[in-house]
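Have a look at the structure below before the remarks.
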Amino acid sequence: MPPPLWRAGTAVLLGCALVLALTAGKAAAVWSTGIFFNPDDAMRAVEVRDLLGGQGWYDLVPTRLAPGHGVPMHWSRLADLPIAGLILLFRAVAAPDTAERLARLVEPVALLAAFMACQARLGRLLVPGPGAALAACLLAVGGLETASVFVPGHIHHHGLQVTLLAALACETVAGIGATRGRAAHAAAAGMLTAVTLAINLQNLPFAVVPGAAAVLAWVLRGREAEGALRTYAGALLAATALVVVVQIPPDRWGERSCDAFGAPHLAACWCAGLVSLALTLATARLGTPVLRAGAALVAGVGAALVLVTAFPGCLADPFSGVDPLLRSRWLADVGEALPLGELLRRDPAGAVPIAAMLMLGAVLVGTALARSSGAVRARWAVVAAFLAAGIAGTCWAVRVAASAEAFAALGGAWALCRLFDPARPRRPLAALACVVVGQGLTQAGWAAAMAVGPGRVAPAPVHPVDATACFAPAAYAGLGRLPAGLVLSTIDPGSQILAYTHHAVLAAPYHRNAYGNRAALLFFDAGLDEARAIAGAAGVRYVVACLTSPEVVEDAERRPDGVAARILAGAPPAWLRPAGPASGPVRVFVMAPGDVSASQDATAAP
């Protein structure tokens, strides 16, 4: 029989091969055209280019986004490092553009392999039997939200965060019942917690689990678990301090931002670390689990009160400070930021597969927990806590599902291995049960079931909507040949314009860009004279509209006498002069001199 490591390696390879086979078309498009399918991938590439071009490590202000009004992005330079490193490596053997495309293809695949390795290891730690690693990997691929973050060309931090979380779960679970190396697992968990929070707060709901598990083990076992808790706390303290020094400039150490790692999150990590250290110092005086539980409760409540008093603003929605116009007209329509309940109301076909996979996964994880014992039961308890945090996070913002689905898949792996356990008699319906569990534990299966269900035929839209057509590099080739200037477009294509051309843009889909995004919304929502005044005040040189963009279509329907409606009708105002081809989805206009009346027809312009 082949060693377990070989079987795990096979599972990793098969899982990666399945994802790559499903996404081969996108990989080919990235290689042949350089397309960015997602605005965040385009902005990440722009950020990395600026870094390699000499922009300061601590300077996260995009130089061509709303020039003169830009603010630091809420992203982390740590996520830029692997991409920048790959680009520099490939530049030794390829042209800069080719090197960047290679990096964009290699980085997601490398993260996918690391994620699959963690998933396979978790399967082996939790489920006895030779098929656990394979089932855990393949069911994780069935989670469309999880698989989507590893699509070739996807270089934003989502794939990195899912991989870091899988590694954090591995270290937390592996430390339970370990006969040796328990301190190493605890130290790794502490460091990974700090790093994942530093990159993005998407994993914030999960970051509590390793520390809570270490404290609970200390409560139950006392001195036996004291060393692991102390090591975890020390690693968390050291790693967060290092992250602050590496990531945040000294003049911003006290910044109370709640939408990115800053003083509130540093304080929370340090409170957790110091409280944990204090508890370990008192182990000798707390001789029973009841006393230790009481001490942990008092210390935890005290630390929480300190944090709430010091940073009350972070208890609210991190987007609560966003301009009300941006919240209602833009942020409220960003799918990944919607609560699961709201997505269920707006798009049941898209939300039901997510909810069904997570709920069935929760049932199976709970069943595995109930039917296990000893160290394996404790490991399943940790997985259940991770999944519960993921479900709660998904209910707040759907983007968290990409991290949560992998834990649901572990419950499916347990169920499948139980059905085909060689030590158990084969049941006649085992194969059918396998199919049912397999489909139920994959978002892809639920999506297929929803697709073949009865539905109503929607009326054909007045204007065709195809957002993907607005992201193709060829659509902006004409704009790229024009002299550099400030471009005003709807919000979503802003990142692609930055990535494909040398122009600056006023708007792009980032909540900190309040000035530029508000100006773009007001421009397309105003009458012609007011719109021209808004563009002139901002110093706009070009106006760009993608005819199939949902934003442009909605603006035209909202304001029939506005700029978007005139462009869709083929009759732009006189002060917008065509500056590119009249074919394709994207139209480019240059602002005319100030002596042309906004009320004139385009055909009457001089």
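Since the structure is predicted, the reported quantities are computational estimates derived from the model, not experimental observations. Just so you know, these numbers use all the heavy atoms, side chains as well, and skip hydrogens, waters and symmetry mates.
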*Mind running side-chain contact (heavy atoms from CB on, under 4.5 Å) on Leu521 and Asn517 for me, showing each step along the way?*
CA-CA 6 Å; Leu521 289 177; Asn517 289 349; 5.6 Å; no
*By disulfide (SG to SG under 2.5 Å) - contacts of Cys16 (at least two apart)*: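 Residues passing disulfide (SG to SG under 2.5 Å) with Cys16: none at all.
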Is it true that a side-chain atom of [X] and a backbone atom of [Y] form a donor plus acceptor pair closer than 3.5 Å?
| X | Y | value |
| --- | --- | --- |
| Thr23 | Val19 | yes |
| Gln496 | Phe36 | yes |
| Gln55 | Val61 | yes |
| Gln119 | Ala140 | no |
| Arg587 | Pro578 | no |
| Gln161 | Gln202 | no |

For [X] versus [Y], what's the shortest heavy-atom pair and its separation?
| X | Y | answer |
| --- | --- | --- |
| Met43 | Ala508 | CE-CB, 4.3 Å |
| Ala94 | Ala99 | CB-N, 4.3 Å |
| Arg518 | Leu326 | N-CD2, 3.7 Å |
| Ala519 | Ile534 | O-CG2, 3.8 Å |
| Leu568 | Ala556 | CD1-CB, 3.5 Å |
| Arg532 | Ala592 | NH2-O, 3.6 Å |

Rounded to the nearest 0.5 Å, how far apart are [atom1] of [X] and [atom2] of [Y]?
| X | Y | atom1 | atom2 | answer |
| --- | --- | --- | --- | --- |
| Asn203 | Leu164 | CG | CG | 7.5 Å |
| Phe386 | Ile391 | CZ | CD1 | 14.0 Å |
| Arg252 | Leu60 | CZ | CG | 7.0 Å |
| Leu358 | Thr394 | CG | OG1 | 5.5 Å |
| Arg77 | Trp57 | CZ | CH2 | 7.0 Å |
| Arg566 | Asp561 | CZ | CG | 9.0 Å |

May I ask you to test the [X]-[Y] pair for a side-chain heavy-atom distance under 4.5 Å?
| X | Y | value |
| --- | --- | --- |
| Tyr58 | Asp251 | no |
| Ser549 | Thr490 | yes |
| Ser489 | Glu551 | no |
| Leu528 | Val563 | yes |
| Val46 | Arg64 | yes |
| Asp525 | Asp555 | no |
| Met73 | Pro62 | yes |
| His157 | Ile199 | yes |

Partner set under ring pair (Phe, Tyr, Trp, His ring centres under 6.0 Å) for [X], not counting sequence neighbours:
| X | answer |
| --- | --- |
| Phe523 | none |
| Tyr510 | Trp75 |
| His502 | none |
| Tyr515 | His69 |

*Quick one: which of Val141, Thr163, Leu20 gives a side-chain contact (heavy atoms from CB on, under 4.5 Å) with Phe150?*
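That would be Thr163.
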*Which pairs count as side chain to side chain donor-acceptor pair (under 3.5 Å) when at least one residue sits in residues 82-98, sequence neighbours excluded?*
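Applying side chain to side chain donor-acceptor pair (under 3.5 Å) to every pair that reaches into residues 82-98, excluding sequence neighbours, yields Asp97-Arg101.
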*Restricting to pairs with a member in residues 471-486, which pass side chain to side chain donor-acceptor pair (under 3.5 Å), not counting sequence neighbours?*
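Qualifying pairs, neighbours excluded: none.
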_Test side chain to side chain donor-acceptor pair (under 3.5 Å) applied to Thr501 - qualifying residues, sequence neighbours left out_ =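 Expected list: none.
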_Electrostatic pair Asp41-Arg44, nearest N-O below 4.0 angstrom_ =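 No salt bridge links Asp41 with Arg44.
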*Any Lys/Arg nitrogen of Arg329 or Asp323 sitting under 4.0 Å from an Asp/Glu carboxylate oxygen of the other?*
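The answer is no: the pair does not qualify as a salt bridge.
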*ring-ring contact (aromatic ring centres under 6.0 Å, His included): which pairs involve residues 530-563, sequence neighbours left out?*
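Sorted result for residues 530-563: His503-Tyr542.
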*Tell me, which pairs form a ring-ring contact (aromatic ring centres under 6.0 Å, His included) where one or both residues lie in residues 324-345, sequence neighbours left out?*
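Of all non-adjacent pairs touching residues 324-345, none passes ring-ring contact (aromatic ring centres under 6.0 Å, His included).
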*Short side-chain donor-acceptor distance under 3.5 Å, His511 and Asp259*: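 Their side chains do contain a donor-acceptor pair, which is all the 3.5 Å distance test asks for.
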*CA sep, side-chain torsions, deciding dist, call: Val540, Leu506, side-chain contact (heavy atoms from CB on, under 4.5 Å)*: CA-CA 8 Å; Val540 170; Leu506 196 60; 4.3 Å; yes
*Start with the C-alpha gap between Asn38 and His156, add the side-chain angles, then the distance that decides, and say whether side-chain contact (heavy atoms from CB on, under 4.5 Å) holds.*
CA-CA 9 Å; Asn38 184 288; His156 193 35; 5.6 Å; no
Between side-chain atoms of residues 104-118 and protein atoms elsewhere (two or more places apart, or another chain), which donor-acceptor pairs fall under 3.5 Å?
| unit_1 | atom_1 | unit_2 | atom_2 | d |
| --- | --- | --- | --- | --- |
| Arg104 | NH1 | Gly34 | O | 3.2 |
| Arg104 | NH2 | Ile35 | O | 2.5 |

*Specify whether His154 and His158 have parallel, tilted or perpendicular ring planes, treating 30° as the upper limit for parallel and 60° as the lower limit for perpendicular.*
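Parallel, since the angle between the ring planes stays under 30°.
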_Determine whether Ser76 and Phe261 satisfy the following criterion, side-chain contact (heavy atoms from CB on, under 4.5 Å), listing intermediate values before the conclusion._
CA-CA 9 Å; Ser76 169; Phe261 189 83; over 6 Å; no
*Does anything in residues 493-510 pair up under salt bridge (Lys or Arg N to Asp or Glu O under 4.0 Å), and if so which pairs, sequence neighbours excluded?*
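The answer is none; no pair qualifies.
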